[in-house]
Amino acid sequence: MNLYVEVHDLIAASLRRIAASGRLPKNLDFGRFVVEPPRDPAHGDLATNAAMVYAKAARPFFSSPRDLAAEIVSTLANAPTIAGAEAAGPGFINLRLRPAAFHRLLRAALEQGPDFGRPSPARTAQMKINVEYVSANPTGPMHVGHGRGAVFGDALANLLEFAGHRVTREYYINDAGAQVDVLARSAYLRYKEALGEGTGEIPEGLYPGVYLKRVGQKLAAEFGREFLGRPEAEWLEEVRAAAIVAMMEMIRADLSALNIEHEIFFSERSLTCGKEGDLVAKAIAELRSRGLVYEGRLPRPKGQLMEDWEDREQTLFRSTAFGDDSDRPLMKSDGSYTYFASDIAYHKAKIDRGYLLLIDVWGADHGGYVKRMQAAVEALSEGRTTLDVKLCQLVQLLRCGEPLKMSKRAGDFITLRDVIDEVGVDAVRFMMLFRKNDAPLEFDLGRVIEQSKDNPVFYVQYAHARARSVLRRAREVLPEVDLSPPFLMEADLNLLQDQGETALMKLIAQYPRVVEQAAQYDEPHRIAFYLHDLASSLHAHQTRGKERPQLRFLNEERRDLTIARLALVAAVAAVLASGLGILGVSAPEEMR
RNA sequence: GCGCCCGUAGCUCAGCCGGAUAGAGCACUAGACUUCGAAUCUAGGGGCCGGGAGUUCGAAUCUCUCCGGGCGCGCCA
C-alpha cells in the first residue's frame with residue numbers, strides 16, 4: 001500500500017484519457033513523471049511534475065504546462081482519494097488528499113506491523129540477488145572500515161529482501177595467495193613461542209598481532225614439537241590451515257556480535273583445490289575460447305615510480321573490450337594466478353548459481369578494481385548478469401572530537417570488536433548507516449553513547465521507547481480498553497485534527513515510498529534519515545502536549561479521542577520498529 | 001600523467017535519474033517542565049551549493065573546464 005503509487009496511477013490514467021482524445025501522444029513513458037511530497041506544506045499533500053514533463057509532447061493542444069496541468073486537474077475531480085487539485089507555479093499539480101487516505105495507511109501500519117511498507121509483489125520485479133560483503137582477509141581481526149562494509153552490506157541485504165527479492169548473503173574468504181602464507185609464518189613464530197622457544201623481535205613483514213598467540217598455543221597443543229626446526233615446506237600447509245580456521249572463527253564471532261550472519265562462506269582456495277578441479281583454469285579457458293584472453297605486453301604506467309618494472313609478455317584478459325582502461329593480467333610471473341583470475345572464477349561460480357544481480361560491497365581503496373570485474377562478469381554471463389559494486393568510504397574514528405591515532409603497531413590497533421564492546425551493536429549499526437556509503441564517515445566513540453539528541457541512535461530509539469511508554473501508560477489509565485492493533489484499527493481517526501497529528505499521519509504514509517526508493521537506489525541510509533524525521537515529529541508533538549494538555553495522547557474525559565490518538569502512537573511505533581528492523585537496530589521498549 | 005569518488009551554513013552531513021523560497025543536527029543566542037519519558041521541544045541569526053562556461057522554460061542536481069581533497073594505477077588482496 002503506497003499512496004504515492006496510487007496517485008501516480010491516477011495521474012497516468014488521466015494522461016491516458018487525454019491521449020485517447022488525441023491531444024497527447026499514445027505510449028507515453030509514465031516513468032518520467034514523479035509524485036512526491038512537496039517541500040512546502042502549503043503546496044498540499046502531494047505534488048506532481050507530470051504536466052511539465054509532457055508539456056512539449058502536448059503541443060499544440062496545450063500551449064503551456066499550466067494548460068495541461070489544468071486539464072489533468074479537471075479529470076481528477078472525481079477521484080475518491082483526492083480532495084483538491086490545482087495547477088501551481090510553472091506547472092506543478094498540487095494535490096490535497098482526503099483524510100481517509102491517510103487513515104487507510106495508518107490502519108495498514110497497525111495491521112501489518114513489521115510488514116508495513118513492503119512493496120506489493122506487483123511493484124517489484126523479484127530478482128535472485130547475491131550480496132557479497134565483508135570478505136575481510138582472514139589474517140587478523142576486523143577493523144572499523146570492515147565494519148562499515150559489513151553493516152552496509154547487511155542492511156542492504158535486509159532492504160532488498162524486504163522489497164521482495166531473494167537475497168543470498170555471501171562472504172568470500174581470501175584464503176589463498178601470499179597473505180595467508182605470511183599469516184602461517186607469523187603463526188609459526190607464536191607456535192615456537194608457545195613451546196618456550198625465544199622468538200625475539202617479530203621480523204618485518206610478518207603480522208605482529210597478539211591475537212596470534214592463541215593460534216600458536218593451539219598449534220603447540222595439537223602438534224607438540226613436531227614442526228620445531230623443520231623447514232617451512234613441512235609445516236606451512238598445516239599451520240596455514242589452522243591459522244585460517246582460527247582467524248575465520250574470530251571474524252565470524254565479530255560478525256555475530258554485529259548480528260550479521262552470512263549464508264555462504266566461499267573459499268578462494270576451493271576454486272583450485274576443490275572437487276571440481278581447477279575452476280580458475282576453466283574460467284580462463286572459457287574467456288580464451290571467446291577470444292578475450294591473449295599473451296601480450298602492457299605499457300608501463302605513466303607518472304608513477306616503478307623501479308622494478310620489467311617489460312614482459314603475460315596472460316591478459318581483454319577487459320578494455322568492456323570499457324576498462326587497460327587489459328589485466330591473469331598470471332603472476334611465478335606461474336600462479338593473480339587475485340583477479342581467482343576472482344573471475346569466483347564470480348563465474350556466482351553467475352552459474354543463477355543470480356541476475358551480483359552486488360559486491362568493497363572498501364573505497366578497491367575502486368580501481370571495479371571496471372575489470374564488471375568486464376569479467378559481463379563477458380562470462382554474456383551480459384545477462386549485472387555486477388553492481390558498492391564502495392564504502394573510510395571511517396575516521398574520533399573520541400569526543402579528537403581523532404584517534406590508528407597506529408600500525410598491533411598494540412594500539414582499535415578493532416571493530418573493541419568498538420562494538422564499547423558502544424554497543426545498535427550504535428555501531430545505526431551510525432554506519434546514517435551516512436551515504438560513498439561518503440567518508442566520522443565515528444565518534446564519545447558521541448554515540450551520549451543519551452541526547454546529539455546522538456541519532458539514541459534519538460530514534462528514544463522516540464520508539466517513548467511511544468511504547470505512552471501505550472503502557474494507557475493500559476493503566478484505561479485498563480478496561482483493548483489496545484491491541486485490531487481494536488485500534490476501529491478507532492475514529494477523523495478525530496485526529498491537530499497539525500501535529502496530521503503531520504505524523506502524513507509521515508507514516510510516506511514510509512512505503514521511502515522503503516521503495518531506498519531499495520531502488522540501494523541506499524539504506526534513506527531509511528535512517530526518515531526514521532530520524534519521524535522521531536523528530538513525534539518528539540515535537542509530544543512536547544506540545546506539555547503546554548497544551550488538550551493535545552496529550554491520553555485524555556480520560558475523551559475516550560474516543562484517546563483511542564484515536566493511541567492508534568496513531570501505536571502506528572508510529574510500528575513504523576519506527578519496522579525501519580529499525582531493516583537497519584538491524586533494536587527498537588527498545590524503554591531506554592533505562 | 002590516467003581512472004574513480006568527493007567539494008552544500010563555523011563543524012558533521014542530507015537533498016542530486018532537473019522543478020516551486022536550498023534543509024537537518026551540532027555549535028551560538030533567547031525561551032518552555034506540578035500530570036503521557038524535558039534523555040525533549042520552540043524561536044533566532046548564519047549560504048556567490050568550490051570557480052567559470054554550457055544545455056534547459058527551469059541547474060545544488062545534467063555536460064564541459066579549471067581549482068581543491070581522497071582513493072587507485074602489472075606479477076598485493
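All chains are named by letter (A, B, ...) in the order of the sequence lines, taking the proteins before the strands, and each is independently numbered beginning at 1.
Applying the side chain to side chain contact (heavy atoms under 4.5 Å, CB included) rule to A:N94 yields the partners A:H43, A:A47, A:E86, A:A88, A:F92; only residues at least two apart in sequence or on another chain are considered. Partners of A:R435 according to the salt bridge (Lys or Arg N to Asp or Glu O under 4.0 Å) rule, which considers only residues two or more places apart in sequence or in another chain, do not exist here. Considering only residues two or more places apart in sequence or on other chains, A:E204 meets the salt bridge (Lys or Arg N to Asp or Glu O under 4.0 Å) condition with none of them. Residues forming a salt bridge (Lys or Arg N to Asp or Glu O under 4.0 Å) with A:D311 (at least two apart in sequence, or on another chain): A:R297. Applying the side-chain hydrogen bond (donor to acceptor under 3.5 Å, both in side chains) rule to A:R148 yields no partners; only residues at least two apart in sequence or on another chain are considered.
Here the side chain of A:A540 is nearest to one of B:rU35, B:rU42, B:rG74, namely B:rU42. Of the candidates B:rU40, B:rC75, B:rA20, the closest approach to any side-chain atom of A:Y462 belongs to B:rU40. Closest approach to the A:D438 side chain among B:rC5, B:rC13, B:rA77 is made by B:rC5 (side chain taken as heavy atoms from C-beta onward).
Taking the P atom of each, B:rU12 and B:rG18 are spaced 30 Å apart, rounded to whole Å. Spacing between B:rU42 and B:rA27 at atom P, rounded to whole Å, works out to 15 Å. The gap from the P atom of B:rG10 to that of B:rG46 amounts to 11 Å, rounded to the nearest Å.
Straight-line distance from the CG atom of A:D181 to the P atom of B:rC75: 17 Å, rounded to whole Å.
Heavy-atom distances under 4.0 Å link RNA chain B to A:R39, A:D40, A:H43, A:A47 of residues 34-47 of chain A, given in residue order. Of the residues in residues 550-558 of chain A, those lying under 4.0 Å from RNA chain B by heavy-atom distance are A:R552, A:F553, A:L554.
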Identify all pairs in which a protein N or O lies below 3.5 Å from an N or O of nucleotides 61-65 of chain B, and state each distance.
none

Could you pull out the protein-nucleic contacts involving nucleotides 68-72 of chain B (nitrogen or oxygen on both sides, under 3.5 Å)?
| unit_1 | atom_1 | unit_2 | atom_2 | d |
| --- | --- | --- | --- | --- |
| B:rC71 | O2' | A:A364 | O | 3.2 |

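Residue A:Y337 places no side-chain N or O under 4.0 Å from the OP1 or OP2 atom of B:rA77. For the pair A:S469 and B:rG37, the criterion of a side-chain N or O lying under 4.0 Å from OP1 or OP2 is met. At B:rC73, none of the side-chain N or O atoms of A:K371 fall inside 4.0 Å of OP1 or OP2 (strictly under the cut-off).
There is no side-chain donor-acceptor pair under 3.5 Å between A:N455 and A:E450.
In this structure the side chain of A:H525 never reaches within 4.5 angstrom of the side chain of A:F152, judged on heavy atoms.
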Q. With Watson-Crick and G-U wobble geometry limited to distances under 3.5 Å, how should the secondary structure of RNA chain B be encoded in dot-bracket form, using | for bases paired to another strand and [ ] for crossing pairs?
A. (((((((..((((.....[...)))).(((((.......))))).....(((((..]....))))))))))))....
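At the heavy-atom level, A:K436 lies under 4.0 Å from base atoms of the strands shown. Among the atoms of the strands shown, base atoms are found under 4.0 Å from some heavy atom of A:N94.
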Q. How does protein contact run along nucleotides 26-34 of chain B, one letter per nucleotide 5' to 3', with B for base contact, S for sugar-phosphate only, - for none, heavy atoms under 4.0 Å?
A. S-----S--
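Annotation: A:E557, atom CD; neighbour count of heavy atoms from other residues, nucleotides and ligands within 6.0 Å does not exceed 12.
Applying the side-chain hydrogen bond (donor to acceptor under 3.5 Å, both in side chains) test to pairs two or more places apart or on separate chains, none has a residue in residues 49-59 of chain A.
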